[in-house]
Structures are given as C-alpha cells and as structure tokens.
Amino acid sequence: MLDKAKVVSHQIMGDPCYKIMKLVLRTDIAREGQPGQFVHVQVATGLDPLLRRPISIADIDREARELTLLYRIKGKGTEVLAQVKAGERLSLMGPLGHGFTLPEQGELILVAGGIGSFPLLPLAKAARAKTIPVRLYWGGEDEDFFTSAGLGLWQDAGIPVSLSSMDGSIGAKGNVLDLIRENSSGSEAGQGAGCSVAVCGPQVMMKVVSEYFLQTGASVEVSLEERMGCAVGACLGCVCTLKDENSGKIRRGKVCQDGPIFQGKEVLWDYEQ
C-alpha cells in the first residue's frame, strides 16, 4: 500500500545526544501492519536524498489508525526526516516484509541489543494480549540510553524487562548474553524446548544469542537489517545468505521480501563465497 500519512507527533526521546526520535503517523497501513514488518518512508520531496528509508514498526494502534516509528538519526536521510513536523504528510509504502511468528504456547523471550528493541515492542504487546508469558532481555550503553530508547514504553505496557549496561549504571554490568546466562537457571531461557525467542540488534549479538538458544532447543527468529533501495525485491540491494534446513543447500534471500524476519537456524552469519 502507498499512503500519504499524516504526522500526529514527532519528537526527540530523552537525552538529545542519543538522537532517538519518536514519530507517530496516522495511516491506513496501521490496519494491516504486523510486528516485525516495516514501512519505506520518503524522507524528502526532492531528489536529495533520492531513496526512501526503511523503518521498522514500533507500535500499532489499529483503532486510531496510528503507527509509531522509533529511529536513530545517523545519516542524511534520517537527518532530513527529523525535520518533519506535526501536521505534515509523509509518503509511506507498507506494510512490507514478513513479521514475527506469535507462539501459541510457552514463553516468548525477546532479546535486544541497542535500538534493536524497537521492532520487538509490538510483538511483546501482541503476546500480552494473548496472555503469552513474555520477557525482554535488553543490552545497551548506559542508563541514559535506555531512558532515551523507550524503556518507559515497555514499563507502561507492563512487559518484564531485564537490562544489562556496559558501564553497569543500570541492571547487570556486561553484555546481554551474559545477562541471559545469569538469569537462565530454572527458567524457559535455560530449558530451551518449548521456548520461542525473537532477537534484534547488531549482527554479532544476534549471531551469538541465536546460537546460544538454538543449542538449548529453542525456536529462534531474528530480525535482519540491510541497506535497501526499492524494498520490494527488485534491486537486490539487501541480499543475505541462508541454508535450507532439509536439503542443506545454500541460497540467497532478500531481507526486504523474504524477511526481515528469518529463522535463526537458516541464517549463515559468516558465509564467504
């Protein structure tokens, strides 16, 4: 769907030094969007920057027809987007890609690194709505980062959150895998079988977390991120390498069309041709 979405609100989150923005849009795309999907946003009306920017859906309000997008300013495209004000309109394509699988039973464990928490929030809310036990393990820089990256949104939604910070200013000190190991005794995180896991964040983090949970017998999904040109599978700019579980054959997938959500067991993180 292509839609001219109205900007309901647009503001910086927490400490400006983290450059994290919250953008709320009113659009019919909200009626169809699913956790894990994304929208392709036209950030400028001119030719610079020319390409749209893919941004994951961070919240969905179907009744109000509102989508929330959380993003970090880190390049020209997002710098231009950050200037958009309430009342203006943005061209959106979406919802795009395949979303997360909501388990029918068992615990749902979410693992985020940095701003990888953004696409996991609507999945957590969907799980809570179906009374599926859910918990977030989230690793980040420091206490100010978590405040700026939307920790309050998780708390408002009543989602249990365990934090690890690199400086130890909040939660456990260290990385998120250390946090998971420390909290795994006697929980679904330690038992594996019957547990569903969704992971999003830096690739190195997703790789080690995915491998950890797969060894326990858990079902793992990961949210991949690649640069996208068209976001509809035509330009081949977001190709990833996958392995078929049954045949063992190597294949190339498109993050925009086949993902961005993939089974952790099918992703070849370090594949070299």
Side-chain angles (χ1 to χ4, degrees), residues 13-20 22 35-36 56 58-59 70-72 74 100 103 106-128 132-225 264 267 269:
M13 300 264 287
D15 190 330
C17 77
Y18 294 101
K19 299 182 177 181
I20 296 174
K22 180 182 180 183
S56 58
D59 204 0
L70 301 177
Y71 67 94
R72 174 175 260 172
K74 59 180 180 180
F100 289 107
E107 183 181 9
L108 175 61
I109 295 175
L110 311 178
V111 185
I115 60 174
S117 60
F118 296 168
L120 297 177
L121 181 56
L123 176 61
K125 288 186 174 183
R128 283 295 296 267
I132 297 170
V134 57
R135 171 174 290 276
L136 171 68
Y137 292 91
W138 187 5
E141 303 164 33
D142 51 35
E143 185 173 4
D144 288 340
F145 165 78
F146 288 111
T147 301
S148 301
L151 176 58
L153 300 177
W154 291 85
Q155 294 170 333
D156 290 345
I159 310 296
V161 179
S162 296
L163 302 174
S164 63
S165 55
M166 297 310 296
D167 67 351
S169 58
I170 188 172
K173 184 175 183 179
N175 62 52
V176 72
L177 184 55
D178 293 335
L179 174 67
I180 291 167
R181 286 171 173 154
E182 291 174 3
N183 287 270
S184 63
S185 178
S187 70
E188 289 284 1
Q191 296 167 14
C195 170
S196 298
V197 182
V199 189
C200 186
Q203 181 170 307
V204 172
M205 183 279 289
M206 288 197 291
K207 175 180 182 293
V208 297
V209 170
S210 178
E211 290 173 348
Y212 170 82
F213 278 107
L214 287 172
Q215 289 174 359
T216 70
S219 172
V220 181
E221 289 186 327
V222 296
S223 178
L224 299 188
E225 179 179 317
V267 178
W269 302 99

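Using a 4.5 Å heavy-atom cutoff, the side chains of S162 and R135 are in contact. Between Q155 and V161, every side-chain heavy-atom pair lies at or beyond the 4.5 Å cut-off. Side-chain atoms of N175 and M205, non-hydrogen and from C-beta on, never get closer than 4.5 Å to each other. Residues Y137 and S164 form no side-chain contact, since every pair of their non-hydrogen atoms from C-beta on lies 4.5 Å or further apart. Put simply, the side chain of F213 does not reach to within 4.5 Å of the side chain of V199, judged on heavy atoms.
The two residues D167 and S169 come nearest to each other via the heavy atoms OD1-OG, 2.7 Å. Scanning both residues, S210 and V220, for their nearest heavy atoms gives OG-CG1, 3.8 Å. Nearest heavy-atom pair across P160 and V134 is CD-O, 3.3 Å. Shortest non-hydrogen contact noted between G106 and P133 is O-CD, 3.8 Å. Heavy atoms only, all atoms of each residue included: M13 and A149 are closest at CE-C, 4.3 Å. Looking at every heavy atom in both residues, Y18 comes nearest to E141 through CE2-OE1, 3.3 Å.
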Distance-only donor-acceptor pairs under 3.5 Å for side chains of residues 108-124, two or more places apart:
none

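One distance of note links CG of L151 with CZ of F145; it measures 10.0 Å at 0.5 Å rounding. Between atom CG of residue L224 and atom CE of residue M206 there is a gap of 5.0 Å, rounded to the nearest 0.5 Å. Remark: I170 CD1 to F146 CZ distance equals 6.5 Å, nearest 0.5 Å. The CG atom of L136 sits 7.5 Å away from the CG atom of L163 when rounded to the nearest 0.5 Å. From I180, atom CD1 reaches atom OH of Y212 across 7.0 Å, with rounding to the nearest 0.5 Å. Atom CG of D144 sits about 11.0 Å away from atom OG of S165, to the nearest 0.5 Å.
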### Task
Determine, step by step, whether L153 and D59 satisfy the side chain to side chain contact (heavy atoms under 4.5 Å, CB included) criterion, reporting the C-alpha distance in whole Å, the side-chain angles of both residues, the deciding distance to 0.1 Å, and the verdict.
CA-CA 10 Å; L153 300 177; D59 204 0; over 6 Å; no
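Shown here is E225, whose CD atom has no more than 12 heavy atoms of other residues, nucleotides or ligands within 6.0 Å.
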